[in-house]
Structure formats: structure tokens, C-alpha cells
Asker: 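Below are the C-alpha cells for one structure; questions will follow.
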Amino acid sequence: MCTLTLIPFRSGLRLVMNRDELNTRPRSLPPSVRQLKSGLSAMQPTDTASRGTWISANNSGLMLALTNGNPRPMPPLPPPELLRSRGRIIPDLIPHRSARAAIKAMSAMGLSQHAPFRVVAADRVSIISAAWDCASLSIRESCVAPICFVSSGLGDELVGPRLELFNEWIARFGPTDVAQDAFHQHVWPDRPEISVMMRREGARTVSVTTIEPREGGTLVMRYSDDDGSSKAALPPLMLEPRQAR
């Protein structure tokens, strides 16, 4: 379903995410800023099918991204009438002020009615991933260093080559914003179905979202939407850091 990378810079972690979806899924709405009940503001695109999102950032510096899990074999899922959309998970977590707080809150959520997924939470000092497999939640804190997460509806194990490519890419070109952006445009001509910029029958990369830190704590979100014929990079959103009271 997706490719997500994080690279640390002096001003903070830079996150880029390719979202892969079925061609039949309704087109999403571009990012907007909304006020949260916690007093924070968040910016995120909106999935029109779930009215949720797969990526968000708030002005406390928390960034969240969600990828679907596709283990093989797929574990038994809840009945369709009980299955809850994974797109609602990030809206429930983004009011928190840190990666640790968000993951702690998710650990206390009832997840039994969700299909497999992974949430990646990051702030200036932490990268934490939490994977749900319909039986348990596995939490892992990673070093603040270049890192890549991948998933695919064909089976997550099939897109392991993307992880290898990322490591080779960073070793060759360095952990720069230019290299990160180029990685997210990469296509293997003979393997488009598992490429970073993916395309196969019935599915493709539908958007690229970038969350970029600026000095002073400002976050900038850039969103490029693919309607199947052309790409249009929308004006970036800026979220100023919340002033301490």
C-alpha cells in the first residue's frame, strides 16, 4: 500500500510518504488545517471513503503515518459489519503532543475490530512504530536515523526490495532531501508493481505527502496528488509551533 521514509536533519525529521491505492478508491481531499480539542492544530489530507486520514502532523511537532498490514497468510478478520476503518486511528491519536504519548494511547485502544496495520509516530527525538496483526500490538523504537517502512496489498514480504533500495540509495547519494525525494519517484521498469512509485493493474501510487521541518519548529506539508493523468503539486501548508503558556 505505501512507502514511508524518515531522514533526520538539523531542524528535525523529514517525512515522505507514497500512498498506494486501488484505482476504484475515491479521490482524497488535499491537506487542510483543523483545530483539535486538545488546543493543538493539525494538518492532514482526508480520505473521503473513511473520512479519516493516513498521515497527519500537529504543531507540537508530532507526525503520524499509517500503512495497512498485509501479512501472508492474512489472519481472520472481524465480520464486515464489525470491521472499523483504520483511517480513523490517526485522527484519534494526533491530539497528543509526542510520539510516545500517541503510541501509549494507541496501546490502550481497543484494536480487535481493525484489520492489520502499522502506525509510525515521530517527533524531534523519537521514531516509534506499532504494528497490529489482529492478535497483538508490537511496538518498536528505532534510532533517529534514515529509515524506511513499506507495505503492499500483494503481500508486505514482496516489497522488501524497496527497503534494500533505500539503504543502497542513502549510502550512495547521502541523507539529503533531494535524495529522499528522488527515491520516492523511483521505478523499476521491469517491476513496476513493487516499485516505490508503484503501478499495477487496478492500483497505483495515488499521492506523495512530505512533512518538512523548518528552523524554529515550523512544519511544512506538501502534497502531490495523482489523478491518473497528471500530477499537481498543491501550495504547501505551514504549521507554526504552538507557543508555550
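Remember, it's a predicted structure, so these values are computed and weren't measured experimentally.
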Asker: Does any part of the side chain of Val119, heavy atoms only, come nearer than 4.5 Å to the side chain of Met106, both counted from C-beta?
Answerer: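 Answer yes - side chains close enough.
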Asker: Quick check: closest heavy atoms across Pro161 and Ile194, and the distance to 0.1 Å?
Answerer: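 In this case the closest contact between Pro161 and Ile194 is CG-CD1, 4.1 Å.
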Asker: Is it true that Arg199 and Glu193 make a salt bridge, defined as a side-chain N closer than 4.0 Å to a carboxylate O?
Answerer: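 Result for this pair is no, no salt bridge flagged.
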Asker: With the 4.5 Å side-chain cut-off for hydrophobic clustering, are Leu163 and Val187 part of the same group?
Answerer: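 No, no single cluster joins them.
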Asker: Nearest 0.5 Å please: distance from the NE2 atom of His114 over to the CG atom of Leu137.
Answerer: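 Rounded to the nearest 0.5 Å, the NE2-CG separation comes to 11.5 Å.
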Asker: How long is the span from the CE atom in Met197 to the CZ atom in Arg204, to the nearest 0.5 Å?
Answerer: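 Nearest 0.5 Å value for the CE-CZ distance: 11.0 Å.
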Asker: Kindly say whether Ala122 contributes a backbone atom to a donor-acceptor pair with the side chain of Ser126 at under 3.5 angstrom?
Answerer: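 Here the side-chain-to-backbone pair does not exist.
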Asker: Looking only at atom types and distance, does a side-chain atom of Thr46 sit under 3.5 Å from a main-chain N or O of Thr48, one as donor and one as acceptor?
Answerer: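 No: the side chain of Thr46 does not pair with the backbone of Thr48.
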Asker: Give a yes/no verdict on a cation-pi contact between Arg118 and Trp132, requiring under 6.0 Å between NZ or CZ and the six-membered ring centre and an angle within 45° of the axis.
Answerer: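 No; the conditions do not both hold, so Arg118 does not lie above the ring face of Trp132.
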Asker: What I'd like to find out is whether the side chain of Ile94 reaches to under 4.5 Å of the side chain of Leu36, using heavy atoms alone.
Answerer: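 Ile94 reaches Leu36 side chain to side chain.
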Asker: For side-chain contact (heavy atoms from CB on, under 4.5 Å), just list the numbers for Gln185 and Val196, CA-CA rounded to whole Å, side-chain angles, deciding distance to a tenth of an Å, and then say yes or no.
Answerer: CA-CA 7 Å; Gln185 296 295 319; Val196 181; over 6 Å; no
Asker: Of the non-hydrogen atoms in Phe166 and Pro146, which two are nearest, and what is the gap between them?
Answerer: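 In terms of heavy atoms, the two residues are closest at CE2-C, 3.8 Å.
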Asker: Is there a side-chain contact (heavy atoms from CB on, under 4.5 Å) between Met43 and Leu219? Walk through the geometry before answering.
Answerer: CA-CA 10 Å; Met43 54 184 175; Leu219 291 177; 3.7 Å; yes
Asker: Measuring only between side-chain heavy atoms, which start at C-beta, is Trp188 closer than 4.5 Å to Leu165?
Answerer: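 A side-chain contact exists here, since the closest heavy-atom pair is under 4.5 Å.
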Asker: Following the transitive rule for hydrophobic clusters with a side-chain heavy-atom cut-off under 4.5 Å over Ile, Leu, Val, Met, Phe, Trp and Tyr, establish whether Val125 and Leu40 coincide in one cluster.
Answerer: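 No, because Val125 and Leu40 fall into different hydrophobic clusters, even though each may have its own neighbours under 4.5 Å.
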Asker: Is it the case that the side chain of Thr53 and the backbone of Pro45 share a donor-acceptor pair, with hydrogens and angles ignored and the cut-off at 3.5 Å?
Answerer: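 Yes, because the side chain of Thr53 sits within donor-acceptor range (under 3.5 Å) of the backbone of Pro45.
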Asker: By the definition side-chain contact (heavy atoms from CB on, under 4.5 Å), identify the one residue from Val144, Ile211, Ile147 that meets it with Leu6.
Answerer: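 Among Val144, Ile211, Ile147, the one that satisfies the side-chain contact (heavy atoms from CB on, under 4.5 Å) with Leu6 is Ile147.
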Asker: Within the distance-only criterion (no hydrogens, no angle test), does the side chain of Ser56 pair as donor or acceptor with the backbone N or O of Gln44 below 3.5 angstrom?
Answerer: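 The answer is no, because no donor-acceptor pair under 3.5 Å joins these two groups.
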Asker: Verify side-chain contact (heavy atoms from CB on, under 4.5 Å) between Thr67 and Met17, making sure each step is shown before the conclusion.
Answerer: CA-CA 10 Å; Thr67 66; Met17 184 174 185; 3.8 Å; yes
Asker: Does a side-chain N-to-carboxylate-O contact under 4.0 Å join Arg100 and Glu141?
Answerer: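 Looking at Glu141 together with Arg100, the answer is yes, because their closest N to O distance falls below 4.0 Å.
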Asker: So Ile139 and Ile103, side-chain contact (heavy atoms from CB on, under 4.5 Å) or not? Walk me through it.
Answerer: CA-CA 8 Å; Ile139 299 173; Ile103 296 300; 3.7 Å; yes
Asker: To the closest 0.5 Å, what do you measure between CZ (Phe117) and CG (Asn70)?
Answerer: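 One gets 13.0 Å once the value is rounded to the nearest 0.5 Å.
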Asker: With distance as the sole test, does Thr218 use its side chain to make a donor-acceptor pair with the main-chain N or O of Arg214 at under 3.5 Å?
Answerer: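 No, the answer is negative, given that no donor and acceptor are paired below the 3.5 Å cut-off.
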Asker: Are Val208 and Val159 connected in a single hydrophobic cluster, I mean Ile/Leu/Val/Met/Phe/Trp/Tyr linked by side-chain heavy atoms less than 4.5 Å apart?
Answerer: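 No, it is not one cluster - the side chains of Val159 and Val208 are not joined through contacts under 4.5 Å.
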Asker: Is a side-chain donor or acceptor of Arg162 paired with a backbone partner of Ser195 at a separation under 3.5 angstrom?
Answerer: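 It does hold such a pair.
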Asker: What distance separates Ser32 OG from Leu237 CG, expressed to the nearest 0.5 Å?
Answerer: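 So the gap between those two atoms works out to 7.5 Å.
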Asker: Between Tyr223 and Leu29, is there shared hydrophobic-cluster membership here, with clusters defined by ILVMFWY side-chain heavy atoms closer than 4.5 Å?
Answerer: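 Different hydrophobic clusters.
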Asker: For a quick test of your reading: what N or O donor-acceptor pairs under 3.5 Å do the side chains of residues 170-180 make, sequence neighbours left out?
Answerer:
residue: Thr176; atom: OG1; partner: Ala179; partner atom: N; Å: 3.0
residue: Gln180; atom: OE1; partner: Arg14; partner atom: NH1; Å: 2.9
residue: Gln180; atom: NE2; partner: Thr5; partner atom: O; Å: 3.4
residue: Gln180; atom: NE2; partner: Thr5; partner atom: OG1; Å: 2.9
residue: Gln180; atom: NE2; partner: Arg14; partner atom: O; Å: 3.2

Asker: Should Asp20 and Thr205 be marked as a side chain to side chain donor-acceptor pair (under 3.5 Å) after you check the CA-CA gap, both sets of side-chain angles, and the distance that decides it?
Answerer: CA-CA 4 Å; Asp20 307 336; Thr205 298; 2.7 Å; yes
Asker: Ignoring hydrogens, what is the shortest heavy-atom contact between Phe9 and Ile7? Give both atom names and the distance.
Answerer: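 Minimum heavy-atom separation between Phe9 and Ile7: CD1-O, 3.3 Å.
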Asker: Measuring from Gln35:CD to Asn58:CG, what's the distance to the nearest 0.5 Å?
Answerer: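 Between Gln35 CD and Asn58 CG, I get 11.0 Å after rounding to 0.5 Å.
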Asker: Would you tabulate the side-chain donor-acceptor contacts of residues 73-89 under 3.5 Å, counting partners in other chains and residues two or more places apart, or write 'none'?
Answerer:
residue: Arg84; atom: NE; partner: Gln113; partner atom: OE1; Å: 2.7
residue: Arg84; atom: NH2; partner: Gln113; partner atom: OE1; Å: 2.9
residue: Ser85; atom: OG; partner: Gly87; partner atom: N; Å: 3.1
residue: Arg86; atom: NE; partner: Asn68; partner atom: OD1; Å: 3.3
residue: Arg86; atom: NH1; partner: Pro116; partner atom: O; Å: 2.6
residue: Arg88; atom: NH1; partner: Arg51; partner atom: O; Å: 2.6

Asker: Restricting to side chain to side chain donor-acceptor pair (under 3.5 Å), what partner residues turn up for Arg25, sequence neighbours left out?
Answerer: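 So Arg25 forms a side chain to side chain donor-acceptor pair (under 3.5 Å) with Asp47.
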Asker: What are the two closest heavy atoms between Ala65 and Leu4, and how far apart are they?
Answerer: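 Looks like CB-CD2, 3.9 Å.
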Asker: Taking all heavy atoms of Pro91 and all of Pro95, pick out the closest pair and write down the distance.
Answerer: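 Closest approach of Pro91 to Pro95: O-CD, 3.4 Å.
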Asker: Would you find a donor on one side and an acceptor on the other, under 3.5 Å apart, between the side chain of Asn18 and the backbone of Thr3?
Answerer: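 The answer is no, because no donor-acceptor pair under 3.5 Å joins these two groups.
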Asker: Above 12 or not: heavy atoms from other molecules or residues under 6.0 Å from CD of Glu201?
Answerer: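 Counting other residues, nucleotides and ligands, CD of Glu201 stays at 12 neighbours or fewer.
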Asker: For Ile55 and Ile90, work out which heavy atoms get closest and say how close.
Answerer: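 Minimum heavy-atom separation between Ile55 and Ile90: N-CD1, 3.8 Å.
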Asker: Met63 versus Asp123: any side-chain heavy-atom pair under 4.5 Å?
Answerer: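 No, too far: nothing below the 4.5 Å cut-off.
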Asker: CZ of Arg222 to CE of Met238: how many Å apart, nearest 0.5 Å?
Answerer: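 Arg222 CZ to Met238 CE: 9.0 Å, rounded to 0.5 Å.
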Asker: Are Val206 and Val150 connected in a single hydrophobic cluster, I mean Ile/Leu/Val/Met/Phe/Trp/Tyr linked by side-chain heavy atoms less than 4.5 Å apart?
Answerer: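 Different hydrophobic clusters.
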Asker: Relative to each other, are the rings of Phe183 and Trp169 parallel, tilted or perpendicular (30° and 60° limits)?
Answerer: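 Aromatic pair Phe183/Trp169 classed perpendicular.
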Asker: Any donor and acceptor pair, going by atom type alone, linking the side chain of Ser60 with main-chain N or O of Leu62 inside 3.5 Å?
Answerer: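 Side chain of Ser60 to backbone of Leu62: no pair is present.
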Asker: With no hydrogens and no angle check, is any side-chain donor or acceptor of Ser151 less than 3.5 Å from a backbone partner on Cys2?
Answerer: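 At least one qualifying donor-acceptor pair exists.
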Asker: Could you go step by step and tell me if Arg124 and Ser11 meet the side chain to side chain donor-acceptor pair (under 3.5 Å) rule?
Answerer: CA-CA 8 Å; Arg124 289 186 61 89; Ser11 54; 5.9 Å; no
Asker: Is there a side-chain contact between Ser152 and Leu158 in this structure, where contact means two heavy atoms from C-beta onward sitting under 4.5 Å apart?
Answerer: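 Of all side-chain heavy-atom pairs linking Leu158 with Ser152, none is under 4.5 Å.
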